[in-house]
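Excluded from the calculations below are hydrogen atoms, water molecules and symmetry mates; all remaining heavy atoms, backbone and side chain alike, are included.
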Amino acid sequence: MSTTTTDLTALAAALRAAVGPDRVLSDRQELRTYECDGLAQYKVVPALVALPADAAQCAAVVRACVAAGAPFVARGSGTGLSGGALPHADGVLIVTSQMRDILEVAPSDERAVVQPGVINLAVSRAANPHGWYYAPDPSSQQICSIGGNVAENSGGAHCLKYGFTTNHVTGVELVTPDGDRVRLGGRAPDAPGYDLLGAFVGSEGTLGIATEVTVRLTRLPESVRTLLAAFDSTDQAGAATSAIIAAGVVPAAVEMMDALAISAAEAAVHCGYPPGAGAVLIVELDGPEPEVAAQFDQVERLCRDNRAFEIRIAADDVERALFWKGRKSAFAAVGRISPDYIVQDGVIPRTALPEVLRRIGELSAERGIRVANVFHAGDGNLHPLVLFDAAVEGQTERAEEVSGAILDLCVRHGGSITGEHGVGMDKAKYMPRMFTADDLDTMQLLRCAFDPAGLANPGKVFPTPRLCGEVPGRRKGVHPAQEAGLAEVF
């Protein structure tokens, strides 16, 4: 579905009436600021950008889009890594970054209520003086927003113990694709009836736009202890990870980096990891002091049993932050060693780590493409960074082949094509490798129930959108959306 130039002129006027003239962008140079999210391989300049200040303005913007038949895409801080907030060339990008008020911090209820533009780390900073914090911690937590975290069901290093965003959201107010404001859930741990909140979290903007989020707060732990263990190989580090979990220890986090990722981090932030390490593990434990002390001794022993050649224990918060600095900066750090890179995201069983990492090494050697591995080892969430130089003929294509082969490898081992970055634009073509046609049709029936006009973030998640009202099943001939240039069949 697209709009004509005349339609866009009328739509821009309607948007300015809804949110004010200073909150609608139509100049192409200003629009280019929003042409991509954190995945810069895909770029589309939106027709218009609207920056609502509150839920009422956001709803008014959506209603204006519906009246004009214009597609719309929600965007927060734009840190996503799957193209989930990629604009539509004929549509409106609705940016929620100015809706950034923390509406309430209620320690007695173990809850906080925030607008979608609130930065992830800001929630913890507001809750810390009361003895609480917000547990999900993406690597981009200093800049990513809660609305985007909800859309993508974002994870992070400490999700091994505490779970993903969905485990920490108890309620949302959202603007539906029709422009209505509705509430799902609330402050209670669970709501009766169908789990619509569970469907909404992680729906990547296809079921509506969050305008207020009620999150669960977690008590600050009595004790936090962190160690960094260096190994000669990722096989040894992977074996140590499996041994820790098999022993019944559930750390707050177990993170791994390989030699290439370590060298990039050293070049970028001088984190001082042990020289010559083929892999490092960062293991963090938190909880009651006696429990942490006992488990920490056990983790240290298991790392040594699996041939760690050096173990460092953080003496204080400063040293702990330095351990984490290298890991948290890893994605950006590879820019120091490669002009271009693809940030991949897949999941495998922990026990498959050694085998999968060896195969990634073989793929790298076969295609002549370097791969730096950074991942949440505790829950098997891989983040291979596929390095290439787009200026060298053929490297981009080979890098994309390696990237796709890694996802195939994850699926073959019983894993997933994404652990926390979402499907978005980037991985839509891989969905049929995980799901049958019936599975995908069932998912799209849910999408159509929320968005019968197909205007909310069209072209994302599903490889070939099914028009709402179309009978599920095998299709013959060219799909209408494909014929209109809105979809591609993979």
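Heavy-atom neighbours of R125 CZ from other residues, nucleotides or ligands within 6.0 Å: at or below the threshold of 12. Summarising the local packing, CD of Q142 is surrounded by 12 or fewer heavy atoms from other residues, nucleotides or ligands at distances under 6.0 Å. Heavy atoms of other residues, nucleotides or ligands lying less than 6.0 angstrom from CG of D316 number more than 12. For R312, the CZ atom sits in a packed shell: over 12 heavy atoms of surrounding residues, nucleotides or ligands are nearer than 6.0 Å. Within 6.0 Å of the NZ atom in K325, the count of heavy atoms belonging to other residues, nucleotides or ligands does not exceed 12.
Looking only at side-chain heavy atoms (C-beta outward), L353 and L382 come within less than 4.5 Å of each other. You'll find the side chain of L81 reaches within 4.5 Å of the side chain of F331, heavy atoms only. At a threshold of 4.5 Å between non-hydrogen side-chain atoms, the residues Q395 and D340 do not count as touching. P138 places a side-chain heavy atom less than 4.5 Å from the side chain of N120.
When atom types are taken as modelled, the side chain of R367 and the backbone of R398 share no donor-acceptor pair closer than 3.5 angstrom. Panel note: side chain N167, backbone F164; a donor-acceptor pair is recorded below 3.5 Å. Checking side-chain atoms of R111 against main-chain N and O of R187 turns up a donor-acceptor pair under 3.5 Å. Using modelled atom types, no side-chain atom of T166 and backbone atom of N153 make a donor-acceptor pair closer than 3.5 Å. The backbone N or O of F200 lies less than 3.5 Å from a partner atom in the side chain of S203, making a donor-acceptor pair.
Aromatic ring orientation, H376 versus H383: perpendicular (interplanar angle above 60°, classes split at 30° and 60°).
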(request) Apply salt bridge (charged side-chain N to carboxylate O under 4.0 Å, His left out) to the pair E266 and R336, showing each step before the final yes or no. (result) CA-CA 10 Å; E266 290 291 351; R336 294 295 189 100; over 6 Å; no
